[in-house]
Amino acid sequence: MNYWLMKSEPDTYSLETLKREPTGVGSWDGVRNYQARNYLREQRVADQVFFYHSNCAQPGIVGIARIAAEARADPTQFDPQHDQFDPTAKPEQPRWLLTELAYVRDLKRTITLEELKRQPLLAEFALVRKGNRLSVLPVAKAYWDLILQLEA
DNA sequence: GCCAACGTTGGC
DNA sequence: GCCAACGTTGGC
């Protein structure tokens, strides 16, 4: 079992959106960064995910999801109408992937980025390192447990 | 809206 | 292969 943190702008796709998906799962599409894509490729069904809201009034971890389906081609790369259309991607050799997420639960409260930055034990966690921009990143089990302890 | 940090592109 | 220019992310 592996642990991840995935960022989304709540105006675009929030935890609430995932919670309300009629199918019970949401496609994590639109990733157009190679390192983030490579992490998607490593995700396995039942892996746990911190759902992080970015680019909003209170950036932070708002809930937990789990991986419901492993990586497959992201269809938005082939759709000229889509913002994330990639004219260089070929259906016979897809460049971009998506995974499916299932809602697990809301945290009792948002664990803000500001709070995470204040934790000395999280100083090496990629999320709080300067200049981190990855939208999908692995979370060491020790960090996962520590962050969950902040919730109570 | 600003801008630092970082990734990508493309000329050479 | 270098690196300047440009685009994007995302906190503030």
Side-chain angles (χ1 to χ4, degrees), chain A residues 2-21 25-43 47-67 70-140 142-144 146-151:
Chain A
N2 284 311
Y3 300 85
W4 307 93
L5 181 141
M6 296 170 82
K7 298 181 187 173
S8 186
E9 302 192 12
D11 289 349
T12 306
Y13 194 93
S14 68
L15 181 64
E16 193 66 19
T17 316
L18 176 62
K19 191 184 200 169
R20 293 183 181 179
E21 289 280 7
V25 296
S27 296
W28 202 268
D29 61 17
V31 169
R32 295 294 183 269
N33 170 284
Y34 288 105
Q35 202 177 342
R37 179 206 63 185
N38 293 343
Y39 284 138
L40 290 179
R41 195 177 268 148
E42 294 177 27
Q43 295 185 330
D47 280 0
Q48 300 283 110
V49 178
F50 279 139
F51 199 110
Y52 179 95
H53 281 172
S54 66
N55 207 7
C56 57
Q58 197 178 52
I61 299 167
V62 296
I64 295 176
R66 66 181 155 76
I67 301 299
E70 289 169 20
R72 61 181 167 86
D74 176 351
T76 66
Q77 70 194 301
F78 307 123
D79 178 3
Q81 306 303 322
H82 200 279
D83 283 349
Q84 306 283 7
F85 175 58
D86 180 350
T88 68
K90 298 278 174 289
E92 61 273 19
Q93 197 172 20
R95 174 167 302 170
W96 304 113
L97 305 174
L98 60 75
T99 57
E100 304 275 354
L101 291 196
Y103 172 83
V104 173
R105 69 176 179 90
D106 284 76
L107 292 190
K108 293 174 199 143
R109 62 185 187 85
T110 299
I111 299 175
T112 64
L113 177 61
E114 191 270 332
E115 183 176 357
L116 294 169
K117 284 182 169 171
R118 267 192 278 124
Q119 300 297 321
L121 291 173
L122 293 178
E124 301 300 317
F125 179 34
L127 180 74
V128 304
R129 301 305 299 269
K130 186 170 69 168
N132 166 65
R133 286 170 22 187
L134 273 186
S135 59
V136 180
L137 48 129
V139 181
Y143 292 159
W144 177 275
L146 207 146
I147 291 165
L148 271 187
Q149 283 172 23
L150 299 175
E151 181 188 12

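Below, chains carry the letters A, B, ... as their sequence lines are ordered, and counting in each starts from 1.
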Measure the distance from [atom1] on [X] to [atom2] on [N] and round it to the nearest whole Å.
X: A:R95; N: B:dT8; atom1: CZ; atom2: P; answer: 11 Å
X: A:L116; N: C:dC12; atom1: CG; atom2: P; answer: 11 Å
X: A:K130; N: C:dG11; atom1: NZ; atom2: P; answer: 16 Å
X: A:R37; N: B:dT8; atom1: CZ; atom2: P; answer: 10 Å
X: A:N132; N: C:dG11; atom1: CG; atom2: P; answer: 9 Å
X: A:D86; N: C:dT8; atom1: CG; atom2: P; answer: 13 Å
X: A:D11; N: C:dT9; atom1: CG; atom2: C1'; answer: 15 Å
X: A:Y34; N: C:dT8; atom1: OH; atom2: C1'; answer: 15 Å

Inset, instruction - Look at A:E151 together with A:R109 and state whether they make a salt bridge at an N to O cut-off of under 4.0 Å. - result: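 Not counted as a salt bridge, because no side-chain N and carboxylate O are separated by less than 4.0 Å.
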Inset, instruction - Give a yes or no on whether a salt bridge exists between A:D86 and A:R32, defined as a side-chain N under 4.0 angstrom from a carboxylate O. - result: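 Salt bridge between A:D86 and A:R32, a charged N being under 4.0 Å from a carboxylate O: no.
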Legend entry - Nearest-nucleotide comparison on DNA chain B, the residue closer to the 5′ end among A:G131 and A:N55: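 The residue whose closest nucleotide sits nearer the 5' end is A:N55.
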Whether [X] contacts [N] is assessed here as follows: a side-chain N or O lying under 4.0 Å from the phosphate OP1 or OP2. Is that the case?
X: A:K117; N: C:dC12; result: yes
X: A:K7; N: C:dT9; result: no
X: A:Y52; N: C:dT9; result: no

Legend entry - Backbone N/O of A:G60 and side chain of A:T110: donor-acceptor pair under 3.5 Å: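 Checking the backbone N and O of A:G60 against the side chain of A:T110, no donor-acceptor pair under 3.5 Å is found.
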Inset, instruction - Could you please name the option among B:dA5, B:dT8, C:dC12 that lies closest to any side-chain atom of A:R133? - result: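 Side chain of A:R133 sits closest to B:dA5.
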Inset, instruction - Any chance you could measure A:L113, atom CG, to A:Y52, atom OH, to the nearest 0.5 Å? - result: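 Interatomic distance, A:L113 CG to A:Y52 OH, rounded to 0.5 Å: 4.0 Å.
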